Asker: 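Take a look at this one; I'll ask things after.
Chain identifiers are assigned alphabetically (A, B, ...) following the order of the sequence lines, protein sequences preceding nucleic acid strands; residue numbering begins at 1 within each chain. Given the structure is predicted, the values throughout are model-derived calculations rather than measurements. Below, all heavy atoms of this structure are taken into account, side chains as well, without hydrogens, waters or symmetry copies.
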Number of protein chains: 2
Amino acid sequence: MALENSATKVLQVVKQDILAGVFAPGHKLKMSALKERYHVGVNPLREALSQLVVMQLVQVQDQRGYRVCPVSQSELIDIYDTRARIESLCVGLAIERGDQQWEADIVAAAYRLQANASLLQADGDLQSWEQLHQQFHYAIAKGCGSKELLRVRLDLYEKASRYRNLWLQHNAGHAAFDVNQKEHEQLVCAVLERDIKAAQSLISKHILVPSHVLQDLL
Amino acid sequence: MALENSATKVLQVVKQDILAGVFAPGHKLKMSALKERYHVGVNPLREALSQLVVMQLVQVQDQRGYRVCPVSQSELIDIYDTRARIESLCVGLAIERGDQQWEADIVAAAYRLQANASLLQADGDLQSWEQLHQQFHYAIAKGCGSKELLRVRLDLYEKASRYRNLWLQHNAGHAAFDVNQKEHEQLVCAVLERDIKAAQSLISKHILVPSHVLQDLL
DNA sequence: TTTAGAAATAATGTCGATACTTTAATGCCA
DNA sequence: TGGCATTAAAGTATCGACATTATTTCTAAA
(Lines give C-alpha, C1' and ligand atoms only; values in the text may rest on other atoms or scores of the structure.)
Protein backbone atom coordinates (compact mmCIF):
# COMPACT_ATOMS: atom_id res chain seq x y z
CA MET A 1 0.00 0.00 0.00
CA ALA A 2 0.88 3.64 -0.39
CA LEU A 3 3.48 2.96 -3.06
CA GLU A 4 4.32 6.43 -4.26
CA ASN A 5 5.09 7.04 -7.89
CA SER A 6 8.23 8.81 -9.02
CA ALA A 7 6.53 12.13 -9.62
CA THR A 8 5.14 12.22 -6.09
CA LYS A 9 8.50 11.39 -4.57
CA VAL A 10 10.47 13.81 -6.70
CA LEU A 11 7.97 16.59 -6.00
CA GLN A 12 8.76 16.47 -2.29
CA VAL A 13 12.50 16.60 -2.74
CA VAL A 14 12.57 19.25 -5.47
CA LYS A 15 10.27 21.38 -3.37
CA GLN A 16 12.56 21.00 -0.37
CA ASP A 17 15.57 21.87 -2.47
CA ILE A 18 13.92 25.03 -3.73
CA LEU A 19 12.70 26.09 -0.28
CA ALA A 20 16.10 25.36 1.22
CA GLY A 21 17.82 27.44 -1.41
CA VAL A 22 19.70 24.59 -3.12
CA PHE A 23 18.36 26.07 -6.32
CA ALA A 24 18.62 29.84 -6.13
CA PRO A 25 15.71 32.10 -7.10
CA GLY A 26 15.70 32.56 -10.86
CA HIS A 27 17.81 29.45 -11.42
CA LYS A 28 17.10 27.58 -14.64
CA LEU A 29 15.90 24.04 -13.97
CA LYS A 30 17.27 22.00 -16.84
CA MET A 31 15.81 18.58 -17.41
CA SER A 32 19.20 17.01 -18.04
CA ALA A 33 20.57 18.30 -14.74
CA LEU A 34 17.48 17.29 -12.78
CA LYS A 35 17.46 13.83 -14.36
CA GLU A 36 21.02 13.39 -13.20
CA ARG A 37 20.42 14.76 -9.71
CA TYR A 38 17.26 12.83 -8.89
CA HIS A 39 17.72 9.75 -11.08
CA VAL A 40 14.32 9.90 -12.73
CA GLY A 41 13.13 10.40 -16.26
CA VAL A 42 11.79 13.64 -17.67
CA ASN A 43 8.15 12.69 -17.38
CA PRO A 44 7.91 12.40 -13.61
CA LEU A 45 10.02 15.56 -13.44
CA ARG A 46 7.65 17.49 -15.66
CA GLU A 47 4.73 16.38 -13.51
CA ALA A 48 6.46 17.54 -10.36
CA LEU A 49 7.50 20.86 -11.87
CA SER A 50 3.98 21.43 -13.16
CA GLN A 51 2.73 21.09 -9.62
CA LEU A 52 5.36 23.49 -8.34
CA VAL A 53 4.13 26.00 -10.91
CA VAL A 54 0.69 25.89 -9.30
CA MET A 55 2.35 26.35 -5.90
CA GLN A 56 4.09 29.39 -7.38
CA LEU A 57 7.55 28.15 -6.54
CA VAL A 58 8.50 27.56 -10.18
CA GLN A 59 7.78 29.48 -13.37
CA VAL A 60 7.26 27.93 -16.76
CA GLN A 61 8.05 29.58 -20.08
CA ASP A 62 6.64 27.71 -22.97
CA GLN A 63 9.26 25.81 -24.96
CA ARG A 64 11.87 27.32 -22.66
CA GLY A 65 11.48 25.13 -19.64
CA TYR A 66 11.22 25.89 -15.98
CA ARG A 67 13.01 28.19 -13.58
CA VAL A 68 12.79 28.87 -9.87
CA CYS A 69 10.50 31.81 -9.09
CA PRO A 70 12.45 34.95 -8.33
CA VAL A 71 12.16 36.58 -4.93
CA SER A 72 11.54 40.25 -4.34
CA GLN A 73 11.08 42.64 -1.50
CA SER A 74 7.53 43.40 -2.55
CA GLU A 75 6.64 39.71 -2.55
CA LEU A 76 8.30 39.29 0.82
CA ILE A 77 6.20 42.08 2.29
CA ASP A 78 3.01 40.81 0.66
CA ILE A 79 3.48 37.23 1.84
CA TYR A 80 4.28 38.14 5.42
CA ASP A 81 1.52 40.73 5.56
CA THR A 82 -1.02 38.23 4.28
CA ARG A 83 0.28 35.53 6.62
CA ALA A 84 -0.18 37.87 9.57
CA ARG A 85 -3.80 38.47 8.62
CA ILE A 86 -4.62 34.84 7.91
CA GLU A 87 -2.96 33.71 11.12
CA SER A 88 -4.95 36.34 13.04
CA LEU A 89 -8.08 34.92 11.52
CA CYS A 90 -7.10 31.39 12.55
CA VAL A 91 -6.21 32.44 16.08
CA GLY A 92 -9.43 34.37 16.54
CA LEU A 93 -11.56 31.46 15.40
CA ALA A 94 -9.49 28.98 17.39
CA ILE A 95 -10.02 30.93 20.60
CA GLU A 96 -13.75 30.98 19.91
CA ARG A 97 -13.93 27.29 19.10
CA GLY A 98 -11.02 25.53 20.81
CA ASP A 99 -11.70 22.86 23.42
CA GLN A 100 -9.60 21.52 26.26
CA GLN A 101 -7.68 19.13 24.03
CA TRP A 102 -6.69 22.10 21.92
CA GLU A 103 -5.43 23.92 25.02
CA ALA A 104 -3.46 20.86 26.11
CA ASP A 105 -1.84 20.50 22.70
CA ILE A 106 -0.74 24.13 22.79
CA VAL A 107 0.81 23.76 26.21
CA ALA A 108 2.61 20.60 25.09
CA ALA A 109 3.94 22.22 21.92
CA ALA A 110 5.06 25.30 23.84
CA TYR A 111 6.90 23.09 26.28
CA ARG A 112 8.71 21.20 23.53
CA LEU A 113 9.74 24.46 21.89
CA GLN A 114 10.98 25.88 25.18
CA ALA A 115 12.83 22.70 26.07
CA ASN A 116 14.80 22.81 22.83
CA ALA A 117 15.81 26.43 22.91
CA SER A 118 19.43 25.30 22.73
CA LEU A 119 18.90 24.61 19.04
CA LEU A 120 19.04 28.37 18.60
CA GLN A 121 22.66 28.67 19.59
CA ALA A 122 25.20 29.64 16.97
CA ASP A 123 26.01 26.02 16.14
CA GLY A 124 22.46 24.72 16.63
CA ASP A 125 20.17 22.95 14.20
CA LEU A 126 17.97 25.84 13.13
CA GLN A 127 15.81 23.68 10.87
CA SER A 128 14.88 21.41 13.77
CA TRP A 129 14.00 24.42 15.89
CA GLU A 130 11.91 25.84 13.06
CA GLN A 131 10.00 22.58 12.88
CA LEU A 132 9.10 22.79 16.56
CA HIS A 133 8.29 26.46 16.12
CA GLN A 134 5.94 25.70 13.27
CA GLN A 135 4.31 22.88 15.23
CA PHE A 136 3.68 25.26 18.12
CA HIS A 137 1.93 27.80 15.95
CA TYR A 138 0.01 25.08 14.15
CA ALA A 139 -1.25 23.76 17.48
CA ILE A 140 -2.88 27.13 18.07
CA ALA A 141 -4.18 27.62 14.55
CA LYS A 142 -5.71 24.19 14.10
CA GLY A 143 -8.33 25.07 16.71
CA CYS A 144 -10.06 27.17 14.04
CA GLY A 145 -11.41 23.91 12.68
CA SER A 146 -11.42 24.98 9.03
CA LYS A 147 -9.53 22.75 6.62
CA GLU A 148 -9.65 25.41 3.92
CA LEU A 149 -8.25 28.11 6.16
CA LEU A 150 -5.51 25.80 7.40
CA ARG A 151 -4.61 24.92 3.83
CA VAL A 152 -4.31 28.58 2.88
CA ARG A 153 -2.21 29.09 5.99
CA LEU A 154 0.11 26.23 5.05
CA ASP A 155 0.49 27.46 1.48
CA LEU A 156 1.62 30.84 2.71
CA TYR A 157 3.92 29.32 5.31
CA GLU A 158 5.67 27.32 2.61
CA LYS A 159 5.83 30.26 0.26
CA ALA A 160 7.51 32.23 3.03
CA SER A 161 10.12 29.53 3.65
CA ARG A 162 12.75 30.89 1.30
CA TYR A 163 12.63 34.24 3.03
CA ARG A 164 12.41 32.72 6.50
CA ASN A 165 15.57 30.70 5.95
CA LEU A 166 17.45 33.93 5.29
CA TRP A 167 16.15 35.31 8.58
CA LEU A 168 17.03 32.17 10.51
CA GLN A 169 20.59 32.23 9.24
CA HIS A 170 20.94 35.93 9.86
CA ASN A 171 19.80 35.54 13.47
CA ALA A 172 21.79 32.41 14.36
CA GLY A 173 23.03 32.67 17.95
CA HIS A 174 21.55 36.14 18.13
CA ALA A 175 19.63 37.94 20.86
CA ALA A 176 16.63 38.34 18.54
CA PHE A 177 15.62 34.82 19.48
CA ASP A 178 15.25 35.77 23.15
CA VAL A 179 12.60 38.28 22.20
CA ASN A 180 11.00 35.61 20.06
CA GLN A 181 10.73 33.26 23.04
CA LYS A 182 9.11 35.95 25.19
CA GLU A 183 6.53 36.54 22.48
CA HIS A 184 5.60 32.88 22.59
CA GLU A 185 4.97 33.01 26.33
CA GLN A 186 2.79 36.07 25.98
CA LEU A 187 0.89 34.46 23.13
CA VAL A 188 0.17 31.30 25.12
CA CYS A 189 -1.14 33.42 28.00
CA ALA A 190 -3.43 35.47 25.78
CA VAL A 191 -4.72 32.36 24.03
CA LEU A 192 -5.44 30.43 27.22
CA GLU A 193 -7.15 33.49 28.67
CA ARG A 194 -9.22 33.55 25.47
CA ASP A 195 -8.33 37.17 24.86
CA ILE A 196 -8.91 37.38 21.12
CA LYS A 197 -7.80 40.96 20.55
CA ALA A 198 -4.58 40.51 22.51
CA ALA A 199 -3.75 37.20 20.88
CA GLN A 200 -4.36 38.54 17.38
CA SER A 201 -2.24 41.59 18.02
CA LEU A 202 0.58 39.45 19.39
CA ILE A 203 0.56 36.88 16.59
CA SER A 204 0.42 39.57 13.95
CA LYS A 205 3.44 41.38 15.35
CA HIS A 206 5.25 38.08 15.88
CA ILE A 207 4.86 37.07 12.26
CA LEU A 208 5.94 40.44 10.93
CA VAL A 209 9.26 40.55 12.81
CA PRO A 210 11.23 38.63 10.15
CA SER A 211 9.63 40.77 7.46
CA HIS A 212 10.91 43.97 9.03
CA VAL A 213 14.39 42.55 9.57
CA LEU A 214 14.61 41.21 6.02
CA GLN A 215 13.41 44.42 4.44
CA ASP A 216 16.56 46.06 5.69
CA LEU A 217 18.68 43.21 4.37
CA LEU A 218 17.35 42.87 0.84
CA MET B 1 5.26 34.29 -28.53
CA ALA B 2 2.64 32.72 -26.32
CA LEU B 3 2.82 29.34 -27.97
CA GLU B 4 1.17 27.25 -25.32
CA ASN B 5 2.09 23.65 -24.88
CA SER B 6 -0.53 20.92 -24.85
CA ALA B 7 -0.51 20.55 -21.09
CA THR B 8 -1.26 24.23 -20.56
CA LYS B 9 -4.11 24.18 -23.04
CA VAL B 10 -5.63 20.96 -21.79
CA LEU B 11 -5.42 22.15 -18.19
CA GLN B 12 -7.81 25.01 -18.89
CA VAL B 13 -10.40 22.89 -20.61
CA VAL B 14 -10.29 19.96 -18.19
CA LYS B 15 -10.62 22.41 -15.31
CA GLN B 16 -13.63 24.02 -16.95
CA ASP B 17 -15.18 20.63 -17.58
CA ILE B 18 -14.78 19.67 -13.95
CA LEU B 19 -16.09 22.99 -12.62
CA ALA B 20 -19.02 22.88 -15.03
CA GLY B 21 -19.90 19.38 -13.92
CA VAL B 22 -19.16 17.63 -17.23
CA PHE B 23 -17.24 15.16 -15.09
CA ALA B 24 -19.23 14.43 -11.96
CA PRO B 25 -17.63 14.47 -8.52
CA GLY B 26 -15.94 11.12 -7.91
CA HIS B 27 -15.82 10.31 -11.62
CA LYS B 28 -12.83 8.22 -12.70
CA LEU B 29 -10.68 10.07 -15.19
CA LYS B 30 -9.29 7.36 -17.45
CA MET B 31 -6.36 8.23 -19.64
CA SER B 32 -7.82 6.46 -22.63
CA ALA B 33 -11.07 8.41 -22.43
CA LEU B 34 -9.32 11.74 -21.87
CA LYS B 35 -6.93 11.11 -24.74
CA GLU B 36 -9.91 10.55 -26.99
CA ARG B 37 -11.85 13.56 -25.73
CA TYR B 38 -9.07 16.14 -25.85
CA HIS B 39 -6.89 14.67 -28.61
CA VAL B 40 -3.65 14.77 -26.66
CA GLY B 41 -1.20 12.17 -25.42
CA VAL B 42 -0.97 10.85 -21.89
CA ASN B 43 1.94 13.02 -20.84
CA PRO B 44 0.35 16.43 -21.33
CA LEU B 45 -2.72 14.96 -19.65
CA ARG B 46 -0.75 13.76 -16.65
CA GLU B 47 0.84 17.19 -16.31
CA ALA B 48 -2.56 18.89 -16.38
CA LEU B 49 -4.09 16.43 -13.93
CA SER B 50 -1.11 16.82 -11.60
CA GLN B 51 -1.79 20.52 -11.49
CA LEU B 52 -5.48 19.94 -10.79
CA VAL B 53 -4.41 17.77 -7.86
CA VAL B 54 -2.62 20.76 -6.34
CA MET B 55 -5.75 22.84 -6.94
CA GLN B 56 -7.68 20.12 -5.10
CA LEU B 57 -10.09 19.52 -7.94
CA VAL B 58 -8.71 16.06 -8.71
CA GLN B 59 -7.44 13.24 -6.52
CA VAL B 60 -4.67 10.86 -7.41
CA GLN B 61 -4.31 7.30 -6.14
CA ASP B 62 -1.01 5.76 -6.94
CA GLN B 63 -1.17 3.20 -9.73
CA ARG B 64 -4.91 3.78 -9.82
CA GLY B 65 -5.06 7.01 -11.72
CA TYR B 66 -7.05 10.15 -11.19
CA ARG B 67 -10.61 10.93 -10.23
CA VAL B 68 -12.62 14.10 -9.72
CA CYS B 69 -12.63 15.20 -6.08
CA PRO B 70 -15.88 14.31 -4.36
CA VAL B 71 -18.11 17.05 -3.01
CA SER B 72 -19.60 17.07 0.45
CA GLN B 73 -21.77 19.24 2.59
CA SER B 74 -18.96 19.78 5.06
CA GLU B 75 -16.63 20.97 2.30
CA LEU B 76 -19.35 23.23 0.94
CA ILE B 77 -19.79 24.86 4.33
CA ASP B 78 -16.06 25.17 4.90
CA ILE B 79 -15.36 26.73 1.51
CA TYR B 80 -18.16 29.27 1.72
CA ASP B 81 -17.37 30.10 5.32
CA THR B 82 -13.72 30.67 4.49
CA ARG B 83 -14.62 32.67 1.39
CA ALA B 84 -16.81 34.93 3.49
CA ARG B 85 -13.95 35.63 5.87
CA ILE B 86 -11.33 36.16 3.16
CA GLU B 87 -13.65 38.43 1.20
CA SER B 88 -14.34 40.43 4.37
CA LEU B 89 -10.61 40.84 4.79
CA CYS B 90 -10.25 42.04 1.18
CA VAL B 91 -13.15 44.45 1.47
CA GLY B 92 -11.87 45.90 4.74
CA LEU B 93 -8.42 46.51 3.33
CA ALA B 94 -9.81 47.82 0.06
CA ILE B 95 -11.90 50.42 1.85
CA GLU B 96 -8.83 51.50 3.80
CA ARG B 97 -6.61 51.66 0.74
CA GLY B 98 -8.81 52.20 -2.32
CA ASP B 99 -8.39 55.35 -4.42
CA GLN B 100 -10.76 57.14 -6.76
CA GLN B 101 -9.98 54.87 -9.69
CA TRP B 102 -11.00 51.95 -7.50
CA GLU B 103 -14.31 53.66 -6.72
CA ALA B 104 -14.92 54.37 -10.39
CA ASP B 105 -14.25 50.75 -11.35
CA ILE B 106 -16.74 49.56 -8.76
CA VAL B 107 -19.44 51.89 -10.03
CA ALA B 108 -18.77 50.77 -13.59
CA ALA B 109 -18.89 47.06 -12.70
CA ALA B 110 -22.07 47.57 -10.70
CA TYR B 111 -23.66 49.31 -13.65
CA ARG B 112 -22.75 46.52 -16.04
CA LEU B 113 -24.17 43.96 -13.66
CA GLN B 114 -27.38 45.91 -13.20
CA ALA B 115 -27.74 46.52 -16.93
CA ASN B 116 -27.62 42.80 -17.65
CA ALA B 117 -30.05 41.65 -15.03
CA SER B 118 -32.11 40.10 -17.80
CA LEU B 119 -29.57 37.29 -17.97
CA LEU B 120 -31.15 36.06 -14.76
CA GLN B 121 -34.45 35.21 -16.36
CA ALA B 122 -35.47 31.60 -16.65
CA ASP B 123 -33.99 31.27 -20.14
CA GLY B 124 -31.01 33.57 -19.52
CA ASP B 125 -27.32 32.87 -19.79
CA LEU B 126 -26.49 32.32 -16.15
CA GLN B 127 -22.79 31.81 -16.81
CA SER B 128 -22.51 35.22 -18.45
CA TRP B 129 -24.29 36.81 -15.53
CA GLU B 130 -21.98 35.01 -13.11
CA GLN B 131 -19.01 36.42 -14.96
CA LEU B 132 -20.29 39.97 -14.51
CA HIS B 133 -21.13 39.16 -10.91
CA GLN B 134 -17.62 37.93 -10.26
CA GLN B 135 -16.12 40.98 -11.99
CA PHE B 136 -18.18 43.24 -9.76
CA HIS B 137 -16.95 41.63 -6.57
CA TYR B 138 -13.41 41.52 -7.90
CA ALA B 139 -13.55 45.26 -8.57
CA ILE B 140 -14.18 45.79 -4.87
CA ALA B 141 -11.68 43.23 -3.62
CA LYS B 142 -8.78 44.27 -5.81
CA GLY B 143 -8.52 47.52 -3.87
CA CYS B 144 -6.89 45.55 -1.06
CA GLY B 145 -3.71 45.68 -3.13
CA SER B 146 -2.38 42.29 -2.02
CA LYS B 147 -1.57 39.83 -4.78
CA GLU B 148 -1.35 36.99 -2.27
CA LEU B 149 -4.72 37.72 -0.75
CA LEU B 150 -6.31 38.03 -4.18
CA ARG B 151 -4.79 34.73 -5.20
CA VAL B 152 -6.22 33.00 -2.15
CA ARG B 153 -9.54 34.62 -2.90
CA LEU B 154 -9.49 33.36 -6.49
CA ASP B 155 -8.54 29.84 -5.43
CA LEU B 156 -11.53 29.68 -3.14
CA TYR B 157 -13.83 31.19 -5.74
CA GLU B 158 -12.88 28.49 -8.19
CA LYS B 159 -13.15 25.76 -5.62
CA ALA B 160 -16.67 26.97 -4.89
CA SER B 161 -17.68 26.89 -8.56
CA ARG B 162 -19.06 23.37 -8.56
CA TYR B 163 -21.35 24.22 -5.70
CA ARG B 164 -22.22 27.64 -7.09
CA ASN B 165 -23.38 26.15 -10.38
CA LEU B 166 -25.90 24.05 -8.49
CA TRP B 167 -27.20 27.19 -6.82
CA LEU B 168 -27.39 29.13 -10.07
CA GLN B 169 -29.41 26.42 -11.74
CA HIS B 170 -31.66 26.01 -8.74
CA ASN B 171 -32.43 29.72 -8.69
CA ALA B 172 -32.91 30.28 -12.42
CA GLY B 173 -35.70 32.78 -12.99
CA HIS B 174 -36.33 32.85 -9.28
CA ALA B 175 -37.07 35.69 -6.89
CA ALA B 176 -33.89 34.97 -4.94
CA PHE B 177 -32.00 36.98 -7.53
CA ASP B 178 -33.99 40.12 -6.72
CA VAL B 179 -32.71 39.97 -3.17
CA ASN B 180 -29.25 39.42 -4.58
CA GLN B 181 -29.48 42.62 -6.62
CA LYS B 182 -30.57 44.64 -3.59
CA GLU B 183 -27.60 43.33 -1.67
CA HIS B 184 -25.29 44.64 -4.37
CA GLU B 185 -26.77 48.12 -4.12
CA GLN B 186 -26.37 48.17 -0.37
CA LEU B 187 -22.82 46.91 -0.68
CA VAL B 188 -21.84 49.62 -3.14
CA CYS B 189 -23.27 52.25 -0.78
CA ALA B 190 -21.41 50.95 2.22
CA VAL B 191 -18.16 50.68 0.27
CA LEU B 192 -18.35 54.18 -1.20
CA GLU B 193 -19.19 55.56 2.23
CA ARG B 194 -16.11 53.71 3.49
CA ASP B 195 -18.12 52.02 6.18
CA ILE B 196 -15.91 49.01 6.84
CA LYS B 197 -18.08 47.25 9.41
CA ALA B 198 -21.23 47.57 7.33
CA ALA B 199 -19.52 46.47 4.12
CA GLN B 200 -17.94 43.45 5.77
CA SER B 201 -21.21 42.41 7.32
CA LEU B 202 -23.01 42.75 3.98
CA ILE B 203 -20.44 40.89 1.92
CA SER B 204 -20.22 38.10 4.44
CA LYS B 205 -23.98 37.55 4.44
CA HIS B 206 -24.08 37.88 0.65
CA ILE B 207 -21.52 35.14 0.16
CA LEU B 208 -23.19 32.80 2.61
CA VAL B 209 -26.62 32.89 0.94
CA PRO B 210 -25.88 30.09 -1.56
CA SER B 211 -24.33 28.05 1.22
CA HIS B 212 -27.51 28.15 3.28
CA VAL B 213 -29.70 27.31 0.30
CA LEU B 214 -27.48 24.44 -0.81
CA GLN B 215 -27.26 22.94 2.65
CA ASP B 216 -30.97 22.25 2.43
CA LEU B 217 -30.57 20.74 -1.02
CA LEU B 218 -27.68 18.37 -0.49
C1' DT C 1 30.10 45.35 -33.95
C1' DT C 2 26.24 43.26 -36.56
C1' DT C 3 23.88 39.59 -38.71
C1' DA C 4 22.81 35.31 -41.23
C1' DG C 5 23.24 30.72 -41.09
C1' DA C 6 24.56 26.42 -39.01
C1' DA C 7 25.38 23.48 -35.19
C1' DA C 8 24.35 22.32 -30.54
C1' DT C 9 21.33 22.23 -26.89
C1' DA C 10 16.95 21.70 -24.81
C1' DA C 11 11.88 21.05 -24.42
C1' DT C 12 7.93 18.50 -25.79
C1' DG C 13 5.11 14.67 -27.14
C1' DT C 14 4.34 9.88 -28.93
C1' DC C 15 5.17 5.20 -28.39
C1' DG C 16 6.04 0.94 -26.33
C1' DA C 17 7.73 -1.91 -22.36
C1' DT C 18 6.79 -2.98 -17.68
C1' DA C 19 4.23 -3.31 -13.47
C1' DC C 20 0.19 -2.84 -11.04
C1' DT C 21 -4.94 -3.29 -10.39
C1' DT C 22 -9.27 -5.00 -11.47
C1' DT C 23 -12.18 -8.36 -13.27
C1' DA C 24 -13.37 -12.98 -14.72
C1' DA C 25 -12.84 -17.73 -14.30
C1' DT C 26 -11.62 -21.79 -12.13
C1' DG C 27 -11.23 -25.02 -8.55
C1' DC C 28 -11.84 -26.43 -3.76
C1' DC C 29 -14.45 -27.77 0.10
C1' DA C 30 -18.39 -27.79 3.08
C1' DT D 1 -25.18 -26.29 -5.08
C1' DG D 2 -23.31 -22.24 -2.78
C1' DG D 3 -19.61 -19.65 -0.79
C1' DC D 4 -14.82 -18.55 -0.92
C1' DA D 5 -10.12 -18.51 -2.10
C1' DT D 6 -6.77 -18.86 -6.04
C1' DT D 7 -5.35 -17.98 -10.40
C1' DA D 8 -5.59 -16.45 -15.00
C1' DA D 9 -6.73 -12.70 -18.11
C1' DA D 10 -7.79 -8.08 -19.34
C1' DG D 11 -7.41 -3.44 -18.56
C1' DT D 12 -4.65 0.62 -16.76
C1' DA D 13 -1.14 3.43 -15.02
C1' DT D 14 3.51 4.59 -15.06
C1' DC D 15 7.97 5.47 -16.81
C1' DG D 16 11.88 5.64 -19.87
C1' DA D 17 13.63 5.93 -24.75
C1' DC D 18 13.38 8.13 -28.92
C1' DA D 19 11.78 11.40 -32.51
C1' DT D 20 10.33 15.98 -33.39
C1' DT D 21 10.36 20.78 -32.88
C1' DA D 22 11.86 24.96 -30.82
C1' DT D 23 15.45 27.73 -28.82
C1' DT D 24 20.04 29.11 -27.90
C1' DT D 25 24.82 29.33 -29.00
C1' DC D 26 28.49 29.47 -32.08
C1' DT D 27 30.81 30.82 -36.39
C1' DA D 28 32.06 33.56 -39.98
C1' DA D 29 31.46 36.97 -43.32
C1' DA D 30 30.05 41.86 -44.18
Side-chain angles (χ1 to χ4, degrees), chain A residues 1-19 21-71, chain B residues 1-19 21-71:
Chain A
M1 243 310 99
L3 285 172
E4 283 181 322
N5 63 22
S6 299
T8 308
K9 278 182 286 189
V10 85
L11 170 64
Q12 304 302 326
V13 46
V14 176
K15 184 168 153 188
Q16 279 313 308
D17 282 348
I18 290 173
L19 295 183
V22 173
F23 299 119
H27 181 262
K28 179 76 189 291
L29 295 163
K30 286 190 204 162
M31 285 300 164
S32 51
L34 296 179
K35 259 171 60 177
E36 173 110 0
R37 181 180 177 93
Y38 301 112
H39 304 100
V40 289
V42 297
N43 281 4
L45 273 171
R46 287 183 63 84
E47 281 178 43
L49 292 173
S50 297
Q51 297 189 277
L52 290 168
V53 169
V54 178
M55 298 176 195
Q56 300 193 308
L57 294 175
V58 165
Q59 287 178 334
V60 58
Q61 272 189 296
D62 202 84
Q63 311 291 6
R64 287 178 222 188
Y66 301 88
R67 62 178 59 239
V68 180
C69 278
V71 293
Chain B
M1 240 295 104
L3 283 172
E4 283 181 321
N5 63 23
S6 297
T8 308
K9 278 182 286 189
V10 85
L11 170 64
Q12 305 302 326
V13 47
V14 176
K15 184 169 154 189
Q16 280 313 308
D17 282 347
I18 289 173
L19 295 183
V22 173
F23 299 119
H27 182 261
K28 178 77 190 291
L29 295 164
K30 286 191 202 158
M31 285 299 164
S32 50
L34 296 179
K35 260 170 58 179
E36 174 108 2
R37 182 180 175 92
Y38 302 112
H39 305 100
V40 289
V42 294
N43 274 13
L45 272 172
R46 289 182 63 85
E47 282 176 40
L49 293 173
S50 297
Q51 296 188 278
L52 290 168
V53 169
V54 178
M55 299 176 194
Q56 300 194 309
L57 294 175
V58 165
Q59 288 179 334
V60 59
Q61 273 189 296
D62 201 82
Q63 312 290 6
R64 287 179 220 190
Y66 300 88
R67 62 177 60 239
V68 180
C69 278
V71 293

Asker: Consider the side chain of B/Asp62, meaning its heavy atoms from C-beta on, and name the nucleotide among D/dT14, D/dT23, C/dG13 that approaches it most closely.
Answerer: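 Side chain of B/Asp62 sits closest to D/dT14.
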Asker: For B/Val42 and A/Leu29, take the nucleotide of DNA chain C holding the closest heavy atom to each; which residue's nucleotide lies nearer the 5' end?
Answerer: A/Leu29
Asker: Just compare D/dA13, D/dG16, C/dA11 and give me whichever is closest to any side-chain atom of A/Val40.
Answerer: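 The nucleotide sitting nearest to the side chain is D/dG16.
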Asker: Does some side-chain heavy atom of A/Phe23 sit less than 4.5 Å from a side-chain heavy atom of A/Leu34?
Answerer: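 They are in side-chain contact.
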Asker: So do the side chains of B/Val68 and B/Lys28 get within less than 4.5 Å of each other, counting heavy atoms only?
Answerer: no
Asker: Give me the one residue out of A/Val40, A/Leu11, A/Leu45 that meets side-chain contact (heavy atoms from CB on, under 4.5 Å) with A/Ser6.
Answerer: A/Val40
Asker: Could you check B/Lys30 against A/Glu47 and say which one's nearest nucleotide on DNA chain D is further toward the 5' end?
Answerer: B/Lys30
Asker: Contact class for A/Lys35 vs. all strands (heavy atom < 4.0 Å): base, sugar-phosphate, or nothing?
Answerer: nothing
Asker: Do B/Val14 and B/Tyr66 touch side chain to side chain, with heavy atoms closer than 4.5 Å?
Answerer: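 In short, these two side chains do not touch, never coming nearer than 4.5 Å.
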Asker: Over how many whole Å does the gap from A/Asn43 atom CG to D/dC18 atom C1' extend?
Answerer: 12 Å
Asker: Can you tell me which nucleotide in D/dG16, C/dA11, C/dG13 comes closest to the side chain of B/Asn5?
Answerer: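 Among D/dG16, C/dA11, C/dG13, the one nearest the side chain of B/Asn5 is C/dG13.
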Asker: On the nucleotide D/dT14, are OP1 or OP2 found under 4.0 Å from the side-chain N or O atoms that A/Lys9 carries?
Answerer: no
Asker: Between B/Gln63 (CD) and C/dT22 (C1'), how many Å, whole number?
Answerer: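 These atoms are roughly 13 Å apart.
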Asker: For A/Arg46 and D/dT14, what is the distance between atoms CZ and P respectively, to the nearest whole Å?
Answerer: 17 Å
Asker: D/dA10 P sits how many Å from B/Arg64 CZ, rounded?
Answerer: 22 Å
